[in-house]
2 protein chains.
Amino acid sequence: MNKTKKQIVFEAAAKLFMEKGYLAASMRELAERVGLEQASSLYNHLKSKEDVLRKICLENADKFIKGIDEIERIKNDPITQIKALIHLHINIAAEDPTSVTVFNDEWRHLSEPYLSDFLAKRRNYENRFKAIIEKGIQTEVFKAIDPTVAFYTILTSVRWIHYWYKPERNISIEKLESDIFDLLVKGLQKE
Amino acid sequence: MNKTKKQIVFEAAAKLFMEKGYLAASMRELAERVGLEQASSLYNHLKSKEDVLRKICLENADKFIKGIDEIERIKNDPITQIKALIHLHINIAAEDPTSVTVFNDEWRHLSEPYLSDFLAKRRNYENRFKAIIEKGIQTEVFKAIDPTVAFYTILTSVRWIHYWYKPERNISIEKLESDIFDLLVKGLQKE
DNA sequence: GTCTATACGATGATAGAC
DNA sequence: GTCTATCATCGTATAGAC
């Protein structure tokens with residue numbers, strides 16, 4: 001299955017945004033990377049630089065929303081739900097690390113009203129993630145630590161997996177998943 | 001104790017870098033914020049935009065290096081050392097959240113040779129942090145999970161505390177510290 | 001120490017020829 | 001679909017008057 005030039009351009013843009021950051025990435029360099037001599041030629045394949053960023057941010061936000069929709073629907077107890085959330089973050093990051101990096105690090109360069117839309121989606125996801133932890137604490141499945149601290153510590157450690165996890169490290173994603181689960185849920189210390 | 005204009009300019013720059021990102025922060029806006037009409041007037045107080053970034057990155061890198069120096073010197077067992085590392089990250093972040101945010105998020109805009117210097121320092125710190133975890137695993141104080149996974153999961157969760165921890169949340173830094181320690185070392189799950 | 005004036009390059013994007 | 005030509009704007013930074 002051949003990629004369209006549009007797909008090639010969008011993927012190269014995501015990679016460039018990841019490597020240099022959105023602002024430092026120039027349309028002229030993007031053109032070079034896809035074999036075009038002129039930046040102006042890019043505009044047959046995309047509407048604007050920000051439009052590319054918008055699509056990346058939106059796509060990934062939707063992946064997380066869909067993921068937590070299903071977790072809330074299918075799973076019941078907080079432990080299983082946390083396990084599924086870790087699974088969700090790792091799988092999204094492993095599937096398309098470039099795109100998820102841009103989503104995580106460059107969303108703040110969205111202009112309004114896209115920025116507000118994005119933040120609303122993110123808040124929605126985070127509130128639901130946090131509610132799962134709160135339920136676990138209330139039902140005494142989890143320790144009585146501050147729910148905000150627990151929530152952000154867990155979210156932060158799974159949110160930036162793409163920063164360091166490279167398949168070259170010879171850790172399978174199954175091992176990654178179960179080690180992170182063991183660490184966060186059962187603790188680093190041996191009994 | 002009065003602040004010199006230089007201090008005022010440097011602090012405003014750090015805040016601007018944090019709020020907009022280094023590249024999006026302009027010298028013209030910085031001038032406005034410190035009550036100067038012209039960006040050119042700033043150059044009496046700083047050498048260049050990047051020079052400000054360099055100082056921020058270097059200062060914070062040194063704080064972490066000094067911190068781990070002392071931890072290696074004074075503490076013995078891995079559990080106490082991990083506790084002290086969590087303490088270190090939280091204290092540095094609480095002391096000057098603006099500066100540590102810029103240090104964490106904007107270092108990649110350093111130019112050579114400063115970038116290489118910075119990365120060397122960071123690698124040094126991370127290797128020593130990781131060695132503490134590895135020692136814990138070898139001496140069977142810690143679980144036999146992959147040391148790289150354990151290291152990055154813990155580092156990531158303490159490295160981005162400044163993203164969400166605000167004193168307004170009414171969590172004291174002592175409580176923050178002990179909750180994060182409980183979560184990471186003893187696990188979220190209740191016995 | 002702050003100002004005016006200015007140099008100089010890079011940026012995203014558009015119009016129109018081919 | 002790619003090119004040439006071009007635009008308006010903004011970026012950091014310097015020289016020199018006051």
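By convention in this document, chain letters (A, B, ...) are assigned in the order of the sequence lines, proteins followed by strands, and residues within each chain are numbered from 1. Source: prediction; values computed, not measured.
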Self-check item: Listed partners of K121(A) passing side-chain hydrogen bond (donor to acceptor under 3.5 Å, both in side chains), at least two apart
Solution: D62(A)
Quiz item: Rounding to a whole Å, what distance do you find between E50(B):CD and dT12(D):P?
Solution: 12 Å
Self-check item: Partner set under side-chain hydrogen bond (donor to acceptor under 3.5 Å, both in side chains) for N91(A), not counting sequence neighbours
Solution: none
Quiz item: Is F181(B) linked to L176(B) within one hydrophobic cluster, defined over Ile, Leu, Val, Met, Phe, Trp and Tyr using a side-chain heavy-atom separation of less than 4.5 Å?
Solution: yes
Quiz item: Which listed nucleotide (dC3(D), dC3(C), dA13(D)) is nearest to the side chain of S41(B)?
Solution: dC3(C)
Quiz item: Listed in order of residue number, which residues of residues 8-39 of chain B have a non-hydrogen atom at under 4.0 Å from DNA chain D?
Solution: A25(B), S26(B), M27(B), R28(B)
Exercise. Take atom NZ of K47(B) and atom P of dT14(D), then tell me their distance rounded to the nearest Å.
Key: 10 Å
Practice problem: Grab the OH-C1' distance between Y43(B) and dA13(D) for me, whole Å please. | Solution: 5 Å
Between the protein and nucleotides 16-18 of chain D, which nitrogen or oxygen pairs are less than 3.5 angstrom apart?
none

Quiz item: Rounded to the Å, how far apart are H109(A) NE2 and dT11(C) C1'?
Solution: 15 Å
Quiz item: Nearest-Å distance, NE2 (H45(A)) to C1' (dT14(C))?
Solution: 16 Å
Quiz item: Pairs in or reaching into residues 73-99 of chain A: which pass ring pair (Phe, Tyr, Trp, His ring centres under 6.0 Å), with residues at least two apart or in two chains?
Solution: F64(A)-H89(A), H89(A)-Y125(A)
Quiz item: Just checking, R122(A) and W107(A): is the charged tip under 6.0 Å from the six-membered ring centre and within 45° of the axis?
Solution: yes
Self-check item: Under the side-chain contact (heavy atoms from CB on, under 4.5 Å) test, residues paired with K55(B) that sit two or more places apart
Solution: F10(B), D51(B)
Quiz item: To the nearest Å, how far apart are L42(A) CG and dT14(C) C1'?
Solution: 14 Å
Quiz item: Sequence neighbours excluded, which residues qualify as side-chain hydrogen bond (donor to acceptor under 3.5 Å, both in side chains) partners of K75(B)?
Solution: none
Quiz item: Restricting to pairs with a member in residues 24-46 of chain A, which pass ring pair (Phe, Tyr, Trp, His ring centres under 6.0 Å), not counting sequence neighbours?
Solution: none
Quiz prompt | Of the listed nucleotides dA13(D), dT14(C), dG12(C), the one nearest the side chain of S40(A) | solution = dT14(C)
Exercise. With sequence neighbours left out, write down each residue that passes ring pair (Phe, Tyr, Trp, His ring centres under 6.0 Å) with F17(A), or none if nothing qualifies.
Key: Y22(A)
